[in-house]
Amino acid sequence: MSLKQKVKLVKLGKLKAVENVMNFSKKISTPKVKDLNIFLHLNEEAIAQAKEIDKRIASGGSVGKLAGLCFAAKSNICVKGIVANCGSKVLENFVSPYNASVINKLIAEDAIFLGAVNMDEFACGASGETSAFGPTKNPVDPSLIPGGSSSGSAASVAADLCDFSLGSDTGGSIRNPASHCGIVGMKPTYGAVSRYGLIDMTMSFDVIGPLARTAEDARIVFNVIRGQDNFDQTTREGGKEKGGKTGVIGLVDVSDYCGKEIADLIETRTKEIADKKGWKIKKIDLPLDIALETYYILVYTEFFSATRKFDGRRFGLKIDEAGGPEVIRRIVGGSEITKAEHEGKYYREALKARNFIREKFEKLFAGVDAIILPTVPRTAHKVGEKISIKDMYGYDVLTVLANIVGIPAISVPAGEVEAGRPVGLQVLAPHFSEEFMFKIAESF
Ligand code: GLN
């Protein structure tokens, strides 16, 4: 059932908000689902909130656009009274003192928060395995990773434990697990959604976005959470959209970066839909050769800076002592890159590369309306399988450019390869052209 249909039923009183909460809660508490290790903390007040919504409906009062819908949020998004541990021992007992702006917006539309879900520690990871509270498993096949870092956000939607969820995307963390779990994950334009109440990973890349079963559902949630927010000075309304002028879609040549079966599937699907819709396809190149180097130098530097506040005095434990291996790697790396004796040389080079990449995209978008490429270059590995750091970072090669440039991107299911492993197709659009991007995504 689509979100639109469900809200309609709730508003008509044909489906009680309470029933909706109970249905999900029952499933969440079954041993099979618990074994997937998706939820970290449940909202004890969900039923009471649902009752209040049902009462308002019964008495003819007005309710919001998301009335009765249940959602999960990544454990780095603050929800008042709920532990936001970021998948880390460092913040194991950190109870959020306030709601993130996105949470306030969803609650104002009468959506019901079900609980906080598992994630890679401090959003550092691409598999869902770096959480201090154990790996999340992929509902499509529990022997596989669900992807990350928004592992629980994707798995909760794929396992049908909520109507939609929120994740955060710094270099692909919404799109990557959406791709591996066979659902939709959307990364908004940087600044389109408030980061107030999101525990930072890399401030100049981070953005909160929705994960859902369809592009239409994701669009509905995005339109609720988007918009300028006085608590986050980087937010903007957006204004007029740029998409849809040329009728041309850029299909990225990923042959040097991606498994052949995946690349072929994306190309076939794109051609199929382009034929139907009358789009022209133009083969294009992206600066994929410098994507990871640029991304990781900036991430290490900003992550090092962002985590200095976790010194064990105000929030939980000292991160340099209680953080897991991937977190420590980034802290050590970030501290090295920013050493005075390097005089900012690596960081400055990365900023130059970032500008170069931005200009490249600006030129590309003069000739194409949207860009299509696979979301992840390979399929999900087995939980616990030994993966080199290089291969783990390699998962991000096709997603990080959108964050470096700050443009919106969405991953939609494209099909399966290797007997049942989901593959996602990614659509990229110019800054603040989300409506257009959703239109393209919905065609798939
Ligand atoms: N896998 C990427 C990283 O580890 C992306 C993380 C994210 O988007 N939060 O940095």
Side-chain angles (χ1 to χ4, degrees), residues 73-77 84 86-88 117-131 135-136 145-154 165-180 185-188 190 193 195 198-211 257 288 291-307 323-334 337 350 354 375-378 380-381 387-411 424 426:
K74 190 172 180 176
S75 177
N76 58 355
I77 299 173
C86 293
S88 180
V117 286
N118 210 351
M119 57 183 283
D120 278 302
E121 186 172 12
F122 283 105
C124 298
S127 72
E129 294 168 298
T130 72
S131 168
T136 304
I145 56 132
S149 65
S150 309
S151 51
S153 309
S165 69
L166 294 180
S168 67
D169 194 307
T170 304
S173 278
I174 289 175
R175 292 160 285 158
N176 164 311
S179 170
H180 288 312
M186 184 255 181
K187 169 222 169 311
Y190 181 79
V193 174
R195 283 180 298 115
L198 170 72
I199 299 173
D200 318 302
M201 177 194 164
T202 302
M203 280 160 276
S204 72
F205 291 151
D206 299 336
V207 57
I208 295 175
L211 295 95
Y257 299 90
L288 292 167
L292 291 177
E293 286 80 352
T294 307
Y295 172 78
Y296 274 99
I297 289 178
L298 296 173
V299 164
Y300 274 33
T301 306
E302 288 191 37
F303 184 67
F304 172 60
S305 151
T307 52
E326 185 54 41
V327 160
I328 298 299
R329 180 171 6 265
R330 293 177 192 216
I331 288 173
V332 172
I337 292 167
R354 183 181 202 165
T375 307
V376 194
R378 47 177 289 188
H381 61 263
I387 295 279
S388 71
I389 295 157
K390 199 166 160 230
D391 283 348
M392 197 63 100
Y393 287 5
Y395 269 116
D396 304 328
V397 66
L398 306 178
T399 46
V400 295
L401 289 174
N403 302 75
I404 292 172
V405 182
I407 51 175
I410 188 169
S411 177
Q426 210 184 169

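Since we're looking at a predicted model, the values are computed, not measured. Whatever order the structure lists them in is the order used to number ligands and atoms, beginning at 1.
Using a 4.0 Å cut-off to heavy atoms of Gly172, the atoms of ligand 1 that qualify are 8 (O).
For Tyr295, every heavy-atom contact with ligand 1 shorter than 4.0 Å involves the side chain, none the backbone. With a heavy-atom cut-off of 4.0 Å, Ala123 touches ligand 1 through backbone and side chain alike. At a heavy-atom cutoff of 4.0 Å, ligand 1 is contacted by the side chain of Tyr296 but not by its backbone.
The aromatic rings of His180 and Tyr395 sit perpendicular to each other, their planes meeting at more than 60°, with 30° as the lower class boundary.
For a threshold of 3.5 Å applied to N or O pairs, the pair formed by Ser168 and ligand 1 contains no separation below that value. The shortest N or O to N or O distance between Cys124 and ligand 1 is not below 3.5 Å. Residue Asp169 has no N or O atom closer than 3.5 Å to an N or O atom of ligand 1.
Between the side chain of Ser173 and the backbone N or O of Gly167, no donor-acceptor pair lies under 3.5 Å. Judged purely by atom type and a 3.5 angstrom limit, Asn176 uses its side chain to pair as donor or acceptor with the backbone of Gly148. With hydrogens and angles ignored, the 3.5 Å screen pairs no side-chain donor or acceptor of Lys74 with any backbone N or O of Ser151.
No side-chain heavy atom of Thr399 sits under 4.5 Å from any side-chain heavy atom of Val376.
Atom 9 (N) of ligand 1 has its closest protein heavy atom at Ser173 OG, 2.7 Å.
The aromatic ring centres of Tyr295 and Phe205 sit less than 6.0 Å apart.
The residue from Lys187, Met201, Arg330, Glu326 that puts a heavy atom closest to atom 4 (O) of ligand 1 is Arg330.
In this structure, Ile77 CD1 and Ile199 CD1 are separated by 9.5 Å, a value rounded to the nearest 0.5 Å.
In this structure, Asp396 counts as a contact residue of ligand 1, since one of its heavy atoms falls inside 4.0 Å of the ligand.
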